[in-house]
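First up is the structure itself, then whatever we jot down about it.
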Amino acid sequence: MRKKIIAGNWKMNKTVEEAVELAKAIKLELADCNGVDVVLCPPFTAIKAVSDVISETLINVGSQNMGSEDEGAYTGEISHAMLKELFVRYVILGHSERREYYKENDFWINKKVKKALEKNLRPIVCVGEKLEDRESGNTESVVEQQVRGSLADIPASAYTELVIAYEPVWAIGTGKTATSEQAQEVHAFIRGLIKDMVGAEAADAVRIQYGGSMKPGNASELLAQPDIDGGLIGGAALDAVSFAGIVNAGI
Ligand code: PEP
């Protein structure tokens, strides 16, 4: 039985002071979040402060990206060691905004996934099709290319650690959610791909989150689908009550 995982991606929102306020409010709402893994991913500048707020809870801290190298002349990047020092457990990699605006591709995402796993960080690897892909019937081929590329050469044993986030780009921040049937269909497809790549045991173990305008009102139905193991939440993660509502829907 896969444990559900709900992660909040705060994106480029919240100063340190605002982040502390939000983390405290989430902590109050989720004093007892035993049945679900909860991850907060603030901007880099607020990771330390958020880690401090949730230090004695079951809530985890994640980061929104991570560099693929250990250290050195990589202006603007952040390393695994810098994140681990702040008690980061999860790293979001290959988010569609990074793929689209910063031209991250599967080759680099794959390097980051390997580095994160080598350093005992848990990657949340994002994949998802654009509206034109869906409308032209190419959802599966686009998702397959991203899954095979970003997870190339990852051993079966790593699939208990890594998380895949299926996020249809057309549903992110748009208020348009994939129906639970549409989401389930792609999640089952991804699980089938993992089975083909590394075997049935890994496919059964890997957690696949849905992301794209998930809210308390639609979370229960999405999370009830057999292959949807959690959510990666953007907008609704910036409000403690909404975020907690989604977490509680997963219990
Ligand atoms: C996201 O950016 O990962 C996301 C799912 O955003 P939203 O929930 O706002 O659609």
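All of these numbers come straight from a predicted model, not from anything done at the bench. Counting convention: from 1, in listed order, for ligands and their atoms alike. Sequence positions, counted from 1, serve as the residue numbers for this chain.
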Next item on the list: Using a strict cut-off of 4.0 Å, indicate which atoms of ligand 1 neighbour a heavy atom of Gly212.
Entry: 5 (C), 10 (O)
Note to self: With respect to Thr174, determine whether any N or O atom, backbone or side chain, lies less than 3.5 Å from an N or O atom of ligand 1.
What the structure shows: no
Notebook entry, point to check: Is a salt bridge present between Asp106 and Arg99, judged by a nitrogen-to-oxygen distance below 4.0 Å?
Noted result: yes
Notebook entry, point to check: What is the nearest protein non-hydrogen atom to atom 3 (O) of ligand 1, stated with its residue, atom name and distance?
Noted result: Glu167 OE2, 2.6 Å
Checklist line | Contact (N/O only, under 3.5 Å) between Gly173 and ligand 1 | finding: yes
Check: Which atoms of ligand 1 sit under 4.0 Å from any heavy atom of His95?
Finding: 1 (C), 2 (O), 3 (O)
Note to self: Looking at Asp239 and Ala236, would you say the former's side chain and the latter's main chain have a donor-acceptor pair under 3.5 Å?
What the structure shows: no
Checklist line | Residue Gly235 vicinity, atoms of ligand 1 by number, heavy atom under 4.0 Å | finding: 7 (P), 8 (O), 9 (O)
Next item on the list: Heavy-atom distances under 4.0 Å are what count here, so tell me which part of Ser96 touches ligand 1: side chain, backbone, both or neither.
Entry: neither
Item checked: Sole candidate of Ile124, Ile194, Asp229 that passes side chain to side chain contact (heavy atoms under 4.5 Å, CB included) when paired with Ile164 -> Ile194
Next item on the list: Hey, could you give me the CD/CD distance between Glu140 and Glu185, rounded to the nearest 0.5 Å?
Entry: 6.5 Å
Margin query: Working to the nearest 0.5 angstrom, can you tell me the gap between Lys27 NZ and Glu56 CD?
Written below: 7.5 Å
Would you tabulate the side-chain donor-acceptor contacts of residues 41-49 under 3.5 Å, counting partners in other chains and residues two or more places apart, or write 'none'?
{"residue": "Lys48", "atom": "NZ", "partner": "Asp52", "partner atom": "OD1", "Å": "3.3"}
{"residue": "Lys48", "atom": "NZ", "partner": "Asp52", "partner atom": "OD2", "Å": "2.8"}

Item checked: Proximal atoms of ligand 1 relative to Lys11 (non-hydrogen, under 4.0 Å) -> 1 (C), 2 (O), 6 (O)
Checklist line | For Leu28, the rest of its hydrophobic cluster, which grows through side-chain links under 4.5 angstrom | finding: none
Item checked: Interfacing atoms of ligand 1 (cut-off 4.0 Å, heavy-atom, Gly211) -> 5 (C)
Note to self: Within ligand 1, which atoms have a heavy atom of Ser213 less than 4.0 Å away?
What the structure shows: 7 (P), 8 (O), 10 (O)
Checklist line | Check: Gly234 N/O within less than 3.5 Å of ligand 1 N/O | finding: yes
Item checked: Interfacing atoms of ligand 1 (cut-off 4.0 Å, heavy-atom, Ala171) -> 10 (O)
Check: Does the pair Lys115/Glu118 count as a salt bridge with the N-to-O cut at 4.0 Å?
Finding: yes
